[in-house]
Protein chains: 2
Amino acid sequence: MSPYDPSAFPPFAVTVDLVVLTVRSHALCTLIVRRGEQPYQGRWALPGGFVREGEDLGAAAARELVEETGLRAHDPGDPPPLPGNGAHLEQLATYGAPARDPRMRVVSVAHLALAPDLPAPRAGGDANSARWAPVEELLGEAEPLAFDHGQILADGVERARSKIEYSSLATAFCPPEFTVGELRRVYEAVWGVALDPRNFHRKVTGTPGFLVPAGGTTTRQGGRPAQLFRAGGATLLNPPMLRPEV
Amino acid sequence: MSPYDPSAFPPFAVTVDLVVLTVRSHALCTLIVRRGEQPYQGRWALPGGFVREGEDLGAAAARELVEETGLRAHDPGDPPPLPGNGAHLEQLATYGAPARDPRMRVVSVAHLALAPDLPAPRAGGDANSARWAPVEELLGEAEPLAFDHGQILADGVERARSKIEYSSLATAFCPPEFTVGELRRVYEAVWGVALDPRNFHRKVTGTPGFLVPAGGTTTRQGGRPAQLFRAGGATLLNPPMLRPEV
DNA sequence: GATCATAGTCGTCTCCCTGACGATAAACAC
DNA sequence: GTGTTTATCGTCAGGGAGACGACTATGATC
């Protein structure tokens with residue numbers, strides 16, 4: 001039988017779901033929207049939507065990201081035109097358990113977005129409201145997310161946690177110009193650990209291409225003025241920044 | 001408009017494609033099948049097929065793997081019942097460019113399988129024939145694979161190359177019992193570099209839980225008899241085995 | 001059987017990175 | 001001024017990795 005015989009394969013709906021992560025007040029947070037309809041009406045879920053005809057998967061994810069946050073995404077390959085002005089966006093994984101949506105066969109291509117701290121989210125599309133929630137709360141059993149979104153969120157968080165180890169991706173959580181201390185607080189929030197400020201400073205300033213001085217100082221964190229940096233061209237950290245054991 | 005209105009989203013076909021990697025005679029090889037029909041008739045492609053109704057994505061990949069190679073897959077989480085008797089199988093990424101298949105909208109969830117060296121592949125399903133080909137040849141520009149399979153293969157190879165750095169996954173390329181030298185030749189083939197046998201031996205035997213002695217020796221590689229090992233329970237290598245720079 | 005080639009295994013030495021932590025600097029709050 | 005906070009520089013010890021010497025145990029070759 002021909003593999004292209006239309007009767008030979010079942011039709012699927014394809015969606016993109018977004019795990020949008022940011023760091024707000026020392027906590028790793030993700031964007032969730034309240035579902036306005038069945039199933040899981042009234043429950044919190046990850047933002048997402050259907051992939052349109054003629055639309056690439058990454059383009060659909062970028063479109064959803066703009067709709068929900070106003071953030072423009074830039075490809076991981078390209079250097080961001082204005083670092084910090086857009087979000088990092090990458091494909092995470094695909095979820096297609098037959099019963100994950102009770103109404104039809106839906107395959108969801110989850111994407112992971114990392115963004116600097118933002119003002120309140122815009123509620124868009126089919127959501128009554130939207131908010132940033134600490135992932136710590138969501139991954140607890142209190143009020144699980146709709147569908148398999150709890151699993152998707154967990155996978156996205158784990159991806160982010162491991163990826164900042166060996167890449168410069170943590171700068172995606174920072175504004176265009178940032179201090180070493182701000183970057184350190186990103187690592188601390190994502191990993192949920194405390195890092196030694198002196199060793200961290202030595203590591204990040206000593207890695208060629210990771211940070212480039214932006215030429216000013218700031219005192220927005222209090223204390224002694226800190227040098228401002230931009231993200232350098234290096235994307236891979238070698239040797240990596242190792243996550244502490246516990 | 002309701003997101004579940006059937007007219008609100010286009011139907012997709014969903015397939016799984018497999019990057020099956022193995023090490024044959026010091027080279028990293030992948031399984032390819034010759035296409036029997038249009039498009040790309042007569043060209044080599046990755047094995048794959050449609051996801052069936054009610055079938056999970058991973059199950060579809062496992063089914064295709066059995067059909068093409070006879071290998072049973074085991075989940076990355078579980079320890080293999082008989083190490084080396086099955087293949088490691090994990091989801092790789094999803095490819096859904098609108099024109100990747102000229103005839104219809106197809107989203108392909110690519111999977112990566114790592115297997116020990118096998119006898120000649122069985123040609124199955126819609127393929128005239130199948131063979132193991134060194135990835136080095138396929139990634140050159142000589143005769144590109146059908147569809148976007150060249151990109152999928154490249155992504156799969158890169159995943160394998162980076163993952164054996166920080167996990168014990170290289171043992172998935174080995175038979176149930178293997179020597180340190182055989183494991184080293186796996187790393188050398190996957191990375192395409194030469195490793196110092198003494199430092200490699202110190203590293204892998206010194207990492208707790210990576211290897212457990214199997215209790216015998218073998219001389220199948222020539223030279224002094226070597227101790228046989230099995231894969232230990234450890235899945236994460238910390239500190240990782242770093243890929244040499246060049 | 002002596003010699004050689006091949007592979008495996010054990011040690012040593014040095015360098016670099018890391019973690020732990022002392023000390024100093026430059027702002028602000030009172 | 002004094003205390004507090006944060007940033008930044010330095011020092012020191014320990015561990016892992018690269019480079020490489022030395023020895024061992026097999027089969028192949030003469």
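Per chain, numbering begins at 1; letters A, B, ... match sequence-line order.
Rounded to an integer number of Å, the gap from A:Leu195 CG to D:dT8 C1' is 17 Å.
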Start with the C-alpha distance between A:Asp155 and A:Tyr95, add both sets of side-chain angles, then the distance that settles side chain to side chain donor-acceptor pair (under 3.5 Å), and finish with yes or no. CA-CA 11 Å; A:Asp155 292 346; A:Tyr95 301 81; 2.5 Å; yes
Does the pair A:Arg43 and A:Glu143 meet the rule for a salt bridge (charged side-chain N to carboxylate O under 4.0 Å, His left out), with working shown? CA-CA 8 Å; A:Arg43 292 271 287 281; A:Glu143 189 194 4; 5.1 Å; no
With side chain to side chain donor-acceptor pair (under 3.5 Å) as the test, would you mind laying out the steps for A:Asp117 and A:Thr22 before giving the verdict? CA-CA 6 Å; A:Asp117 196 3; A:Thr22 194; 4.5 Å; no
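A donor-acceptor pair shorter than 3.5 Å cannot be found between the side chains of A:His149 and A:Gln151.
The backbone N or O of B:Ala231 sits nowhere less than 3.5 Å from a side-chain atom of B:Thr171 that would complete a donor-acceptor pair. Checking side-chain atoms of B:Thr207 against main-chain N and O of B:Val204 turns up no donor-acceptor pair under 3.5 Å.
Ion pairing between A:Arg243 and A:Glu158 holds under the 4.0 Å rule for side-chain N and carboxylate O. The existence of a salt bridge linking A:Glu165 and A:Lys203 is excluded, since no basic side-chain nitrogen approaches an acidic carboxylate oxygen closer than 4.0 Å.
A sub-4.0 Å separation between OP1 or OP2 of D:dA17 and a side-chain N or O of B:Lys203 is present.
Two residues, B:Met241 and A:Arg185, neighbour DNA chain D, and the one matched to the more 5' nucleotide by heavy-atom proximity is A:Arg185.
From the 5' end on, the contacts that DNA chain C makes with chain B at under 4.0 Å to a non-hydrogen atom open and close at C:dT6 to C:dT12.
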Readout for nucleotides 19-25 of chain D: B = base within 4.0 Å of protein heavy atom, S = sugar-phosphate only, - = neither; 5' to 3' it is BBB--BB
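Here the options are A:Leu114, A:Leu18, A:Leu112, the test is side chain to side chain contact (heavy atoms under 4.5 Å, CB included), and the partner is A:Leu89; only A:Leu18 passes.
For the contact set between residues 208-220 of chain A and DNA chain D, defined by any heavy atom under 4.0 Å, there are no members.
With a 6.0 Å radius and a threshold of 12 heavy atoms from other residues, nucleotides or ligands, A:Glu136 has its CD atom at or below the threshold.
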